[in-house]
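Quick notes on the structure that follows.
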There are 2 protein chains.
Amino acid sequence: MARPRKPLLSRDRIVAAASALVDAEGLDAVSTRRLAAELGVSGPSLYNHFRTKDEILEVVADAVSDRIDLSMFDPDDGRDWPTALHDWAHSYRAALRAHPNIVPVFARGPGRRPAGLRIADAVFGAMVRAGWPPAQATRIGALMRYFITGSALGSFARGFVDDATAYDPAVYPHLGRAHLLAEHREQVDEGAFETGLRAIIDGLSVQYAALGR
Amino acid sequence: MARPRKPLLSRDRIVAAASALVDAEGLDAVSTRRLAAELGVSGPSLYNHFRTKDEILEVVADAVSDRIDLSMFDPDDGRDWPTALHDWAHSYRAALRAHPNIVPVFARGPGRRPAGLRIADAVFGAMVRAGWPPAQATRIGALMRYFITGSALGSFARGFVDDATAYDPAVYPHLGRAHLLAEHREQVDEGAFETGLRAIIDGLSVQYAALGR
DNA sequence: ACCTGAACACCGTTCAAGT
DNA sequence: ACCTGAACACCGTTCAAGT
């Protein structure tokens, strides 16, 4: 076949196929050969558009952050900073929950993904505008990311196992089996996220008040 | 050679070698063949002691949690619950920082790792003893884990890239290059962790006071 | 029981060859 | 420029064979 007169592939097509494959079958299902087959080409063809497989996954991860709402950080948006952080955190979590299989790639740091940087930029700008010192504004963006991605990783993925025999009450006296079951797991996740988010924002409010402005 | 009269391998020897290899060269360096070579045996030998490679890595990860101090959760330890959470979080973070390469395995949930469960059990017990309702005690254990592992993943690993040209000020108006440099990265990490931990504990204290007891 | 080599079904990536 | 097949240097895991 060799080179067709109209390209068979494009970065966008590759990313879309990779994203669908990650969603449907998980990160492990993404091999260059498999992905290429999904696109109707042979494996090495991908290397005309990306330097490595990892670069493809980075773009897939970045596409997820692109769907996170940032409107609450607009200068002319009415929300105060605690409300903005709260609403943003929920949008962030929803975006990750929609694509849980890519979260491990996502969580390993902003790297040079453009959308990830856009987020850091928006949060930083809004916090400084709200009166936070720049050093604290940077930290707030980072710690929120820590909490949200940590929550996504620890919960969407496997949590406790569904096998009651794995948790011997003699060994773990306080771990009643009840809250280890899969159905409860989702409630625990939701509750822990809400409780943690509220605590972070309440705690930051305490620090903010102490700024004395 | 076939079977020696004294076993060449043991689960402990395999885990120790795997741990050292992860620390020295990263998760990607751990292949069954490579690990076996390090132990002076052939690849398939490992399968006499572990069912899968993943099971080996789970034990390596569990060994890390085993080094986390839990004494602050002892019933007769003097520390109040906010201090206990604070001290525990620092011990937790220190354990992960000592073995940053295993964190991705660690972060994907407690699974059925015994030490991870021992931790959940200790935190839960101490929080209930301090007066937290059981549902909240469960959430506190989970949200702390979210924050600490999220912080370990997002920071020890690659963060921002060290190439100044990657961050165009026209695109990211608020991202001064200064705080993107590698030297500053560590300060940002430390600061974000401290600020977030303090906020979480302060925020939980607000909720605790509202329990009215 | 515990190790071996051979084998199966894969990997990511490079590269010369084709148009 | 963009695709191909062949090739390189690997993978995790299974299994019959050996003691």
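Letters A, B, ... are given to chains in the order of the sequence lines, protein chains preceding strands, and every chain is numbered from 1. All heavy atoms count here, side chains included; hydrogens, waters and symmetry mates do not.
Look at CG on Leu46(B): it is 14 Å from C1' on dC11(D), rounded to the nearest Å. Atom pair Phe50(B):CZ and dT13(D):P shows a separation of 13 Å (rounding to whole Å applied). Rounded to an integer number of Å, the gap from CG of Asn48(B) to C1' of dA16(D) is 13 Å. Atom-to-atom, NZ of Lys6(A) to C1' of dC3(D) comes out at 15 Å; the value is rounded to the nearest Å. Nucleotide dT4(D) holds its P atom 14 Å from the OH atom of Tyr47(A), rounded to whole Å. Atom pair Lys53(A):NZ and dC10(C):P shows a separation of 15 Å (rounding to whole Å applied). Computed from coordinates, the Arg51(A) CZ to dG12(C) P distance equals 17 Å when rounded to whole Å.
For the pair Thr32(B) and dG12(D), the criterion of a side-chain N or O lying under 4.0 Å from OP1 or OP2 is met. An OP1 or OP2 oxygen of dT4(D) is reached within less than 4.0 angstrom by a side-chain nitrogen or oxygen of Ser42(A). At the phosphate of dA1(D), neither OP1 nor OP2 sits under 4.0 Å from any side-chain N or O atom of His49(A). OP1 or OP2 of dT4(C) has at least one side-chain nitrogen or oxygen of Ser45(B) nearer than 4.0 Å.
Ranking dT4(C), dT14(C), dC3(C) by closeness to the Pro44(A) side chain, first place goes to dT14(C). If you check dT13(C), dG12(C), dC11(D) against the side chain of Arg34(B), the one that comes closest is dC11(D).
Within the model, atoms CD1 of Ile200(A) and CD1 of Ile148(A) stand 8.0 Å from one another, a figure rounded to the nearest 0.5 Å. Considering CH2 of Trp132(A) and CG of Leu204(A), their distance stands at 5.0 Å, rounded to 0.5 Å. Atom CZ of Phe124(A) is separated from atom CZ of Arg129(A) by 11.0 Å, given to the nearest 0.5 angstrom.
Comparing dC3(C) with dA16(D), their C1' atoms are spaced 13 Å from each other, to the whole Å. Comparing the P positions of dC10(C) and dA9(D) gives a spacing of 22 Å, expressed to the nearest Å. Only the C1' atoms considered, dA7(D) is 14 Å distant from dC11(C), to the nearest whole Å.
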Item to check | Base-pairing string, 5' to 3', of DNA chain C - Watson-Crick or wobble, under 3.5 Å, | interstrand | outcome: ||.|||||...|||||.||
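For Arg108(B) and Glu58(B), the salt-bridge test passes: some basic side-chain N is under 4.0 Å from an acidic carboxylate O. Arg97(B) has no carboxylate O lying under 4.0 Å from a charged side-chain N of Asp189(B), or vice versa, which leaves the two without a salt bridge.
Residues Leu9(B) and Arg33(B) each lie close to DNA chain C; by heavy-atom proximity, the contact nearer the 5' end of the strand is made by Leu9(B).
More than 12 heavy atoms of other residues, nucleotides or ligands lie within 6.0 Å of CZ in Arg79(A), so this atom counts as buried by the packing criterion.
For the 3.5 Å distance criterion, the side chains of Asp69(A) and Ser71(A) qualify, holding a donor opposite an acceptor.
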